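The chain is numbered in sequence order, starting from 1. Predicted model, so just to flag it, every value in this text is computed and none were measured.
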Amino acid sequence: MSKYDKLWEYVGGRGEDSFKLSFAQIADIAGVPLDHSFLKYKKELIPFGYTVGKISMKEQTVTFSKICEDKNTSRQVVREFAGLKPSDR
């Protein structure tokens with residue numbers, strides 16, 4: 001069980017293509033403050049149909065984006081999220 005499971009469930013249930021949450025909202029939902037480990041845990045969101053987009057330190061927000069249902073596009077989004085080049089398999 002991840003410390004961000006409550007957040008992932010909340011994000012997965014939103015149904016929107018893209019939305020922002022403030023760091024404070026994330027802390028309220030997750031029950032823990034957002035910290036540097038979030039970067040490690042964010043990959044856990046993929047099974048919930050979303051990815052973590054922009055993390056703005058200035059605005060103190062995180063943008064969440066729904067993974068496209070198109071299989072080819074989904075693979076590309078996941079590959080980009082994992083830092084792979086298009087030629088990597």
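Summarising the geometry, atom OG belonging to Ser2 is positioned 9.0 Å from atom NZ belonging to Lys40; distances are rounded to the nearest 0.5 Å. Once rounded to the nearest 0.5 Å, the distance linking CH2 of Trp8 with CD of Glu44 reads 6.5 Å. Within the model, atoms CG of Leu34 and CG of Leu39 stand 8.0 Å from one another, a figure rounded to the nearest 0.5 Å.
Side-chain atoms of Phe38 and Leu7, non-hydrogen and from C-beta on, do get closer than 4.5 Å to each other.
Tyr10 meets the side chain to side chain donor-acceptor pair (under 3.5 Å) test with Arg14; sequence neighbours excluded. Scanning for salt bridge (charged side-chain N to carboxylate O under 4.0 Å, His left out) contacts around Asp35 gives Lys3, with sequence neighbours left out.
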Evaluate side-chain contact (heavy atoms from CB on, under 4.5 Å) for Asp5 paired with Tyr41, printing each intermediate quantity in order. CA-CA 10 Å; Asp5 280 346; Tyr41 286 99; over 6 Å; no
Which is it for Leu45 and Thr51 under the side-chain contact (heavy atoms from CB on, under 4.5 Å) test, yes or no, and what are the steps along the way? CA-CA 6 Å; Leu45 183 57; Thr51 60; 5.7 Å; no
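In terms of heavy-atom proximity, Tyr4 sits nearest to Ser37 at OH-OG, 4.1 Å. The nearest pair of heavy atoms linking Glu9 to Phe48 is CG-CE2, 3.9 Å.
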Please list, one pair per line, the donor and acceptor atoms closer than 3.5 Å that link side chains of residues 23-32 to other protein atoms, with sequence neighbours excluded.
| unit_1 | atom_1 | unit_2 | atom_2 | d |
| --- | --- | --- | --- | --- |
| Gln25 | OE1 | Ser22 | N | 2.7 |
| Gln25 | OE1 | Ser22 | OG | 3.4 |

Under 3.5 Å, which donor-acceptor pairs link side chains of residues 55-65 to any protein atom two or more places apart or in another chain?
| unit_1 | atom_1 | unit_2 | atom_2 | d |
| --- | --- | --- | --- | --- |
| Ser56 | OG | Glu59 | N | 3.0 |
| Glu59 | OE1 | Lys20 | NZ | 3.2 |

